2 protein chains.
Amino acid sequence: MKRVTMADVATAAGISKSTVSQFLNGRFEYMGQETKDRIKKAIDELGYHPNYIARSLKQKRTSLIGIIAANIVHTVSTEMSRAIEDYFQEKDIQVIFCNSYEDENKEKKYIESMRARQVDGLVIFPTGKNPELYKKLESEKYPVVFVDRKLDGIDVNTVVVDNRDAMDQAVGHLLKEGHEKLAILTPPPTIFPRRERVAGFIEALEKRGEPVNEHFMRSVEISEMVSVLEEMFANGKGPTALIAGNDLTYFEVMKFARKNEIRIGRNLALVVFDNIEMAAISEPALTVIDQPAYEMGMKAADLLFEQISGKSDKTGLFVFQTELKIRESSTTIGG
Amino acid sequence: MKRVTMADVATAAGISKSTVSQFLNGRFEYMGQETKDRIKKAIDELGYHPNYIARSLKQKRTSLIGIIAANIVHTVSTEMSRAIEDYFQEKDIQVIFCNSYEDENKEKKYIESMRARQVDGLVIFPTGKNPELYKKLESEKYPVVFVDRKLDGIDVNTVVVDNRDAMDQAVGHLLKEGHEKLAILTPPPTIFPRRERVAGFIEALEKRGEPVNEHFMRSVEISEMVSVLEEMFANGKGPTALIAGNDLTYFEVMKFARKNEIRIGRNLALVVFDNIEMAAISEPALTVIDQPAYEMGMKAADLLFEQISGKSDKTGLFVFQTELKIRESSTTIGG
DNA sequence: TTGTAGGCGTTATCAT
DNA sequence: ATGATAACGCCTACAA
């Protein structure tokens with residue numbers, strides 16, 4: 001894999017580097033046809049490929065932006081990423097991905113590596129565990145947008161959903177369906193949306209004068225969820241409706257239900273927070289809190305582009321509303 | 001975002017660039033403590049970040065490899081990618097992702113862009129629709145590994161599963177369960193695994209002297225699947241067992257079953273080709289053909305690394321065996 | 001132990 | 001219409 005450079009092409013075509021460069025960049029206003037042909041021929045024969053590394057060094061931009069996702073399996077991440085790709089495709093900017101897997105060390109490594117590789121900007125689903133790093137990005141005015149999670153004390157463009165309102169809708173719906181014992185289960189409250197969801201749940205109940213049962217509000221590790229649920233439902237004193245705080249929680253709820261022969265939609269109403277792919281076709285069809293992921297991705301992309309192109313350096317918090325999609329899993333009163 | 005370069009650090013520390021460079025690369029065998037301190041101080045004060053673009057240009061490698069996935073939503077892709085990341089983490093090589101979304105233009109753009117950006121190698125889930133490009137990669141000996149799909153006439157390291165054997169296992173299992181009318185549904189046979197799966201299905205039936213019913217073998221667009229199934233099952237003459245050729249097909253089968261009140265596992269036995277995340281907890285639990293995605297990813301990574309480091313330039317086809325995980329969806333005889 | 005100088009492959013400026 | 005030349009930021013002999 002010997003490397004062919006522009007200089008090789010120039011020599012082969014009996015022409016100077018500058019002209020080859022102009023050719024490659026489509027500036028042939030004044031270029032003779034014969035010259036073009038010679039260059040084209042030389043490129044083909046030598047198998048020349050341009051080196052963007054060298055170009056980027058000179059131009060001081062890479063036309064590349066990075067997305068650092070916490071969890072690529074998450075439907076919301078993939079939908080948002082798709083939107084971001086679509087947006088930047090039009091601007092001739094390429095998008096590359098890295099996964100932090102919620103690991104702060106990986107996150108740090110990727111952010112620093114992307115920066116060192118001079119990507120023009122970054123969209124981050126922050127783990128929240130690298131405050132100094134985020135502060136640095138902020139103070140150095142590096143083009144960056146946070147999505148899905150708002151971080152305290154970090155003044156960076158951020159795109160999130162209205163988690164509290166989402167909970168308000170879900171709680172309102174379940175109460176209207178006649179449920180009196182509502183529960184919520186989430187992973188540990190380490191990140192913003194989870195805290196907001198729990199807070200929103202409490203708020204929604206209190207606002208309606210409904211009692212808040214601490215025993216029915218649990219935020220635990222995925223691995224403990226099944227046993228926590230078993231405890232919650234022990235001796236027939238469990239809730240009649242449950243809100244699963246995200247998609248992974250939903251899987252655990254299903255495991256629990258299966259194991260304990262609880263029929264979702266019959267013995268237990270279920271609402272899931274997240275765009276579950278199979279929601280409409282699962283048995284029973286699932287009631288979900290749907291996030292406008294594509295729109296959010298577009299917004300994040302636009303905010304990033306504004307920063308990159310220097311059009312704006314204002315920062316803000318952009319909150320999107322969710323939609324409660326009511327299906328079978330929450331419309332049969334438990335009993 | 002003014003850029004700070006090594007030269008700035010050098011000036012600030014009252015020292016030369018080369019010394020700063022040595023410092024950054026950990027070669028301080030002979031470096032005075034005072035020099036180190038001065039450099040460190042200057043770096044902190046100026047907020048210096050190294051520029052890997054410049055470094056890569058000089059060193060002629062980026063310590064970066066790319067994965068071009070056809071479909072990141074696919075569980076097998078994400079598992080393989082995870083393995084590849086894990087493998088290269090140890091070698092201090094970073095991994096970045098792009099999605100072709102099965103689109104040959106996107107694939108071409110990404111492959112060319114990654115090359116131009118001098119990534120050290122590429123793992124590709126090929127769309128199969130860019131034969132000239134693949135040929136070029138092959139002839140130029142660019143380090144690349146294909147996964148999931150074998151391409152005819154392209155002599156490049158390739159990692160796949162044994163689709164025919166997988167089908168043999170599935171068919172054998174269904175026959176043993178007493179089914180006589182087996183069907184297979186896949187997306188259009190545009191890529192290798194789909195063709196192999198259909199071929200394997202036929203082979204498995206013929207080998208056992210079972211009749212092959214063309215009407216029960218359909219390869220159609222996702223959007224047509226529901227109606228094709230309705231046609232297949234018209235007036236009670238449908239199959240009693242069905243093999244869904246991949247995860248997307250499975251979703252369509254579920255839609256069809258729901259719509260037509262067919263109970264999977266009771267009226268229709270189902271086997272799904274792919275690592276469906278919810279297989280074990282869905283209702284009924286799903287029989288699946290499981291691919292050793294993580295192992296395959298490791299193998300692909302290792303093959304790529306061998307090429308990158310110049311240890312080997314042999315190419316081959318590496319075939320992994322699948323595992324039939326028998327669950328409820330295929331163990332109740334239809335009626 | 002540290003500094004000098006040249007080069008990596010491009011692009012941009014200014015000539016010609 | 002095309003070419004010479006100097007950057008871009010870093011690394012690496014080799015020199016001091």
Side-chain angles (χ1 to χ4, degrees), chain A residues 1-40 42-43 46-64 92 112-113 115-120, chain B residues 1-40 42-43 46-64 112-120:
Chain A
M1 216 184 58
K2 57 167 191 333
R3 313 250 181 177
V4 181
T5 76
M6 222 171 65
D8 298 327
V9 175
T11 319
I15 219 123
S16 85
K17 282 195 303 174
S18 341
T19 307
V20 177
S21 174
Q22 312 225 92
F23 174 85
L24 289 168
N25 290 287
R27 277 194 300 278
F28 13 60
E29 293 125 54
Y30 308 114
M31 202 171 293
Q33 187 57 47
E34 196 213 355
T35 313
K36 290 192 220 171
D37 294 342
R38 291 233 305 272
I39 296 177
K40 208 178 299 173
I43 287 178
L46 297 173
Y48 168 75
H49 296 283
N51 181 332
Y52 286 6
I53 288 276
R55 174 201 285 196
S56 297
L57 180 60
K58 181 68 189 174
Q59 295 189 153
K60 292 162 170 263
R61 63 192 156 71
T62 52
S63 298
L64 199 60
D92 265 305
E112 286 176 347
S113 151
R115 283 204 60 174
R117 295 180 197 283
Q118 311 298 112
V119 302
D120 296 338
Chain B
M1 217 182 59
K2 49 156 202 340
R3 313 253 180 174
V4 181
T5 76
M6 222 170 67
D8 299 326
V9 174
T11 320
I15 220 128
S16 85
K17 285 195 299 176
S18 14
T19 308
V20 177
S21 173
Q22 312 224 93
F23 174 85
L24 289 169
N25 291 288
R27 276 194 299 280
F28 14 59
E29 294 124 54
Y30 307 114
M31 202 172 293
Q33 188 55 47
E34 196 212 357
T35 313
K36 291 192 221 171
D37 294 342
R38 292 233 305 271
I39 296 176
K40 209 179 297 173
I43 287 178
L46 298 173
Y48 168 75
H49 295 283
N51 181 333
Y52 285 7
I53 288 276
R55 175 200 286 193
S56 297
L57 180 59
K58 180 69 188 177
Q59 294 189 156
K60 291 161 169 268
R61 62 190 156 72
T62 52
S63 298
L64 198 60
E112 285 175 348
S113 153
M114 290 285 121
R115 281 204 63 175
R117 294 179 197 284
Q118 313 297 113
V119 302
D120 296 339

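Letters A, B, ... mirror the listed sequences (proteins, then strands); counts begin at 1. Worth saying up front: this structure is predicted, and the values here are computed from it rather than measured.
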Worksheet item: Got B:T5 and B:N51 here, is their nearest side-chain heavy-atom distance under 4.5 Å?
Response: no

Worksheet entry | Polar pair under 3.5 Å, donor/acceptor by atom type, side chain A:T35, base D:dA1 | no

Worksheet item: Does OP1 or OP2 of C:dG9 have a side-chain N or O of B:K60 closer than 4.0 Å?
Response: yes

Discussion item. To the closest 0.5 Å, what do you measure between CD1 (A:I53) and CZ (B:R61)?
Written reply: 12.5 Å

Item to complete: Mind checking B:F23 for me? I need base, sugar-phosphate or nothing, with any heavy atom below 4.0 Å counting as a touch.
Response: nothing

Discussion item. Counting C-beta onward and ignoring hydrogens, is there a side-chain heavy-atom pair between B:F23 and B:I43 closer than 4.5 Å?
Written reply: yes

Worksheet entry | Spacing of B:T62 atom OG1 and B:R55 atom CZ [to the nearest 0.5 Å] | 11.5 Å

Worksheet item: Just checking A:K17: base, sugar-phosphate only, or nothing, at a heavy-atom cut-off of under 4.0 Å?
Response: base

Fill in: Candidates D:dG3, C:dT11, D:dC10 - which lies nearest the side chain of A:I15
D:dG3

Worksheet item: Of the nucleotides C:dT2, C:dT10, D:dT12, which has the atom closest to the B:S21 side chain?
Response: D:dT12

Item to complete: Using whole Å, report how far CG of A:L24 lies from P of C:dT10.
Response: 8 Å

Worksheet item: Whole Å only: how far is the NE2 atom of B:H49 from the C1' atom of D:dG9?
Response: 15 Å

Worksheet item: Side chain of B:T5: nearest nucleotide among D:dA13, D:dG9, C:dC8?
Response: D:dG9

Worksheet item: Is the closest side-chain heavy-atom distance between B:I39 and B:T19 below 4.5 Å?
Response: yes

Discussion item. Among residues 51-59 of chain B, which ones have heavy-atom contacts with DNA chain C below 4.0 Å?
Written reply: B:L57, B:K58

Worksheet item: For A:R61 and C:dT11, what is the distance between atoms CZ and C1' respectively, to the nearest whole Å?
Response: 11 Å

Worksheet item: Heavy-atom distance under 4.5 Å between the side chains of A:M6 and A:L24, does that happen here?
Response: yes

Fill in: Among D:dC11, C:dT4, D:dT5, the one nearest B:M6 by side-chain distance
D:dC11

Worksheet item: Of the candidate nucleotides C:dT2, C:dG9, D:dC8, which contains the atom at the shortest distance from the side chain of B:Q22?
Response: C:dT2

Practice prompt. Kindly say if B:T19 contacts the phosphate of C:dG3, meaning a side-chain N or O under 4.0 Å from OP1 or OP2.
Written response: yes

Worksheet item: Is A:R38 reaching over with its side chain to a backbone N or O of A:A13, donor-acceptor style, under 3.5 angstrom?
Response: yes

